[in-house]
> 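Sharing a structure below in structure tokens format, with a few things to ask.
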Amino acid sequence: MKTHQFEVVVVGAGGAGLMAGLYASKTARTAVISKLYPTRSHTGAAQGGVGAALGNYEEDHPEWHTYDTVKGSDYLGDQDAIEFMCNEAIPAVYELEHMGLPFDRTPEGRISQRPFGGHTNNATGKPVRRACHAADRTGHMILQTLYQQCLKNKVNFFDEFQVLDLLVNNGAAVGVVAVELATGELHIFHAKAIIFATGGHGRIWEITSNAYAYTGDGPAIALRRGLPLEDMEFFQFHPTGIYKLGILITEGVRGEGGVLINGKGERFMPKYAPTVKDLASRDVISRAIYLEIREGRGVNGSNYIYLDTRPEVVNKYAAIDGRTNLDGSPVKVTAEQLLHKLPDIIDFNRVYLGIDPMTQPMPIQPTAHYTMGGIPTNMYGEALKDETGAVMPGLYAAGEVACVSVHGANRLGTNSLLDIIVFGKHAGLRAAEYAKGADFQPLPSDGLDFTNQQLDGLRNGSGKENVLTIGNEMKKVMFDDVGVFRTEEGMTAALAKVRELKERFKQVRVTDTGKIFNTDLLNTWEMGNLLELAEVVAVSALNRQESRGGHAREDFSKRDDANWLKHTFIWMENGKPVIKYKPVTITKFQPKERVY
Amino acid sequence: MQVTMKIFRFNPEKDTKFHYETYTLEAEPTDRVLDVLERIKGYEDGTLAFRRSCAHGVCGSDAMRINGRNYLACKSLVKDFGANITVEPILGLRVIKDLIVDMNPFFENYKKILPYFITESPIPEDGRERLQSQEDRERFDDTTKCILCAACTTSCPSFWASDDYFGPAAIVNAHRFIFDTRDEAASERLEILAETSGVARCHTTYNCTVACPREIQITKAIGEVKMAMVTGKV
């Protein structure tokens, strides 16, 4: 066992972790630990853009961005944090450009922007160009740029080290335990401040856009160490995943004029969102697709519909909608322009479906995409230990793992890339500042015990159960019954099933007994994380008897502000869930009905 | 369809030399090679080791040799390889275990070409973005696509033959900055690439261009770097 000491330790090297590492290491001795090489992180899969009211094409204001985000969150987002994020968006995007990020350009040479779901001109209600983009690989460019800046600034990386536990002493976070994949050796990182930036947990669901690595390691570790998680019932199902595979097709396709078409050849979104139509918020569109399919209007009676971005179709509906260019001329696109703006989307279709989106529509279905809930934090990235907002000393969280909450019940597209750069930076700054004023607290004497206990459990099961089978059963029941639409009956059954799977998981035995790159052991440990979190998601979802944003209940189909305008905090105490509530911060925008 | 997959196996804790193991299983023609590997690991042999993450060709984790050529396993469909598929680690980097190779030399080469934005000029006074024309942005668009998967570098005979050649991926990333009008360190990078371990080692065998899962025109990019070196102009 090796022990390292750093003032700040960042866990995870996606956009939030790299930004935190970059800022923390300006003043504090910092290490960034990641189970993947940093450039493998899931930030790199983000496509469409990062939201900021630069107004490079047309009038826009951070206040409009703030309102759109509050509305998009179905009023569950904390408005002080949302306002902070949307104001910070503008300098944050300029900062990325100053770091060399190759944004696409306007004819004047400024950062190019495209429309995205739920982002509007607040005066007219029409879509506004707010998503700053680099083709359809904006996340890739952010990840690369931040990693490059970390290299330039000589940030300390521990690549392919997977964190398995958080060490707590006298009520403060004092370190983490990590396994070095190449040797199997356990390391303790002793720290004054620890920033979790471990991403989401979309691998709970069968159809997902999420990477294999998205196994909720951070929140599962926090939960086991007695910390609460917030708003876990809120998970985003992105409307346009590639049929069966779940691979994301960016909202940018609709931003560029693509439309959703049902099995009868009808464009159906105007029925559900008369003003912004195919650019409504993601939760609204995912539900619309489910309803179309349920009413028999899937393609060929199946459970998918089309996303159509053939130029003639785009132009037809652009004319019907009266869409115009900035000079007032009608929108008319060519295949060449679309190819240039959406190269990866076209490539995915060609590779996985054998389809050319310029001549054929894409078969799509909603796909599990984004974790709105997570480790509760305030707007400085400080992790909260309870519903009163009390801070857990030494612990920070940023990015998808965190629940600030700026996304509330439903995140707007482009706000995840924004979240990671704004809150990654501020968590890094705050953690470094804390570390400067704090002493190292002693490590607990039993540092490795809990980790070894967990790993031994996985090595010593009876071997009667198979981890992949358990995982597949979890993914299916969660997708079917704790997915886009939910009922008491379905969720009760799903929760019972997940609890049964947790029991069966104890019978799993890892077959690889080696130390070097024992991915068998670590993948199995990750499945344990997903099972823990699936239970917490299902309990939180059953508990919330209303529909709001991404949490749509058929038995409680309306939003209920009188009883449910509040955040869920959930703990696991001796294997039993405990739920408490935290009020939503409302500053400027009183909740009202959400219409697109 | 039934697929027979022959996989390179090496366990450093047990084996003194590598061997192949063969697995026969049912697969859909549209399954990714990665899907088949996952099923083998899940149901036949948990000790099989390989890297993967995004599973759709953007994270760069799972470059491997499939039927003798470099691909990403997640971007390769069974139907394109047929019923007999051989999977091996990429060449030129030390095998650690099964399909996992030591990527450190690859990343060290990448770091040598100063793979980050360098400029002395101050940011615009208004604090906003540096201006760049659409044409100037287009010049290096192709090389911004690189995901550092190493499929190109480990397909290159010059890389196999020498310990110190930077390899195509490093040059691609140098290109991304050399041809960015906002960057001001082109001459430093060209000087680095003029070393014996630099672009002179490229003999335009095109393996890299063929191997690139992002379809970057790598040989063309290397050619542009060579030209810049000769003319002193970018």
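In what follows, chains are A, B, ... by sequence order, proteins preceding strands, each numbered from 1.
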> Answer yes or no: are there more than 12 heavy-atom neighbours, outside Lys111(B) itself, under 6.0 Å from its atom NZ?
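Counting other residues, nucleotides and ligands, NZ of Lys111(B) exceeds 12 neighbours.
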> Select one option (side chain, backbone, both, neither) describing which atoms of Leu48(B) are under 4.5 Å from chain A's heavy atoms.
backbone
> Please state whether the side chain, the backbone, both or neither of Phe177(B) comes within less than 4.5 Å of a heavy atom of chain A.
side chain
> In terms of heavy-atom pairs under 4.5 Å with chain B, which of Val467(A), Asp159(A), Asn56(A), Leu96(A) leads?
Asn56(A)
> By a 4.5 Å heavy-atom criterion (distance strictly below it), what part of Glu135(B) contacts chain A: side chain, backbone, both, or neither?
neither
> I need the residue from Gly57(B), Ser61(B), Pro124(B), Ser133(B) with the largest number of non-hydrogen atom pairs under 4.5 Å to chain A.
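Heavy-atom pair counts peak at Ser61(B).
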> Select, from Gln134(B), Arg128(B), His56(B), the one with the greatest count of heavy-atom pairs under 4.5 Å involving chain A.
Arg128(B)
> Among His42(A), Gln144(A), Lys244(A), Glu95(A), who wins on heavy-atom pairs under 4.5 Å with chain B?
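Sorted descending by pairs with chain B, the first entry is Gln144(A).
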> In terms of heavy-atom proximity below 4.5 Å to chain B, should Ile111(A) be classed as side chain, backbone, both, or neither?
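Both backbone and side chain of Ile111(A) come within 4.5 Å of chain B.
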> Is the closest side-chain heavy-atom distance between Ile249(A) and Met362(A) below 4.5 Å?
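In short, these two side chains touch, coming nearer than 4.5 Å.
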> Which pair of non-hydrogen atoms, one from Pro343(A) and one from His340(A), has the smallest distance, and what is that distance?
CD-O, 3.4 Å
> Regarding Ser112(A) and Tyr57(A), is there a side-chain donor-to-acceptor distance under 3.5 Å anywhere?
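The answer is yes; a qualifying pair exists.
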> Going by the angle between their ring planes, with limits at 30° and 60°, are Trp205(A) and His201(A) parallel, tilted or perpendicular?
parallel
> Counting heavy-atom pairs under 4.5 Å to chain B, which of Phe348(A), Tyr214(A), Phe103(A), Tyr37(A) comes out on top?
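Of the candidates given, the most pairs with chain B belong to Tyr37(A).
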> Quick one: of Thr39(A), Thr511(A), Asn466(A), who has the most non-hydrogen atom pairs under 4.5 Å with chain B?
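With the most close heavy-atom pairs to chain B, the winner is Asn466(A).
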> When you compare the side chains of Ser121(B) and Glu184(B), does any donor N or O come within less than 3.5 Å of an acceptor on the partner?
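There is such a pair (donor and acceptor under 3.5 Å, judged by atom type) between the side chains of Ser121(B) and Glu184(B).
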> Ignoring hydrogens and angles, state whether a donor on the side chain of Asp344(A) or Gln47(A) is under 3.5 Å from an acceptor on the partner side chain.
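Per modelled atom types, Asp344(A) and Gln47(A) side chains form no pair under 3.5 Å.
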> Taking every heavy-atom pair that is under 4.5 Å apart, which of Lys14(B), Arg32(B), Lys75(B) has the most such pairs with chain A?
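Top option by heavy-atom pairs under 4.5 Å: Lys75(B).
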> Which answer fits Pro107(A), side chain, backbone, both or neither, if we ask what part of it has an atom under 4.5 Å from a heavy atom of chain B?
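Both the backbone and the side chain of Pro107(A) come within 4.5 Å of chain B.
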> To the nearest 0.5 Å, what is the distance between CD (Glu526(A)) and OG1 (Thr519(A))?
9.5 Å
> Between Met141(A) and chain B, with a heavy-atom cut-off of 4.5 Å, which part of the residue counts as in contact: side chain, backbone, both or neither?
side chain
> Identify the two heavy atoms, one from Met1(B) and one from Glu26(B), that lie closest to each other, and give their separation to 0.1 Å.
O-OE1, 3.2 Å
> Is a donor on one side and an acceptor on the other found under 3.5 Å between the side chain of Arg65(B) and the backbone of Pro89(B)?
yes
> Regarding His133(A) and Gln113(A), do their side chains bring together a donor and an acceptor under 3.5 Å, going by distance alone?
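Side-chain D/A pair, His133(A) to Gln113(A): absent.
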> Heavy atoms only, distances under 4.5 angstrom: which of Thr47(B), Thr30(B), Asn11(B) has the most pairs with chain A? Name it, please.
Thr47(B)
> What part of Ile516(A) is in contact with chain B, defined as an atom under 4.5 angstrom from a non-hydrogen atom: side chain, backbone, both or neither?
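Both backbone and side chain.
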> Among side-chain atoms of Thr208(A) and Thr367(A), is any donor-acceptor pair under 3.5 angstrom?
no
> Could you check whether any side-chain N or O of Lys41(B) sits under 3.5 Å from a backbone N or O of Gly46(B), counting only pairs where one atom can act as donor and the other as acceptor?
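Yes, Lys41(B) side chain to Gly46(B) backbone: donor-acceptor pair under 3.5 Å.
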> With the threshold set at 4.0 Å, does a side-chain nitrogen-carboxylate oxygen contact exist between Arg39(B) and Asp31(B)?
yes
> Taking side chain as everything from C-beta outward and backbone as N, CA, C, O, which of these in Arg137(A) sits under 4.5 Å from a heavy atom of chain B? Side chain, backbone, both or neither.
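When you check distances to chain B, only side chain atoms of Arg137(A) fall under 4.5 Å.
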> Against chain A, work out which of Val58(B), Asp98(B), Ile123(B) has the most heavy-atom pairs shorter than 4.5 Å and name it.
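With the most close heavy-atom pairs to chain A, the winner is Ile123(B).
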> Which one of Ile242(A), Thr469(A), Thr513(A) has the most heavy-atom pairs closer than 4.5 Å to chain B?
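Option with the greatest count: Thr469(A).
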> Need one label for Asp80(B): side chain, backbone, both or neither, based on atoms under 4.5 Å from any heavy atom in chain A.
neither
> Contact part of Arg137(B) toward chain A, heavy-atom cut-off under 4.5 Å: side chain, backbone, both or neither?
side chain
> May I ask you to check whether Asn70(B) and Thr154(B) show a side-chain donor-acceptor distance below 3.5 Å?
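Result is yes, a qualifying pair exists.
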> At a heavy-atom separation under 4.5 Å, does Arg350(A) approach chain B through its side chain, its backbone, both, or neither?
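For Arg350(A), the contact with chain B is made by the side chain alone.
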> If I measure from the heavy atoms of chain B, does Asn472(A) come under 4.5 Å with its side chain, its backbone, both, or neither?
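Just its side chain gets close to chain B.
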> Pick from Arg110(A), Gln148(A), Glu108(A), Gln149(A): which one has the most heavy-atom pairs with chain B under 4.5 Å?
Arg110(A)
> Where does Arg182(B) contact chain A at under 4.5 Å (heavy atoms): side chain, backbone, both or neither?
side chain
> Please state whether the side chain, the backbone, both or neither of Asn104(B) comes within less than 4.5 Å of a heavy atom of chain A.
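Both backbone and side chain.
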> Within a reach of under 6.0 Å around NZ of Lys341(A), are more than 12 heavy atoms found that belong to other residues, nucleotides or ligands?
no
> Which atoms of Ile100(B) are under 4.5 Å from chain A, going by heavy atoms: the side chain, the backbone, both sets, or neither?
side chain
> So for His140(A), is it side chain, backbone, both, or neither that comes closer than 4.5 Å to the heavy atoms of chain B?
side chain
> Find the one option among Lys145(B), Arg214(B), Arg176(B) whose heavy-atom pairs under 4.5 Å with chain A are most numerous.
Lys145(B)
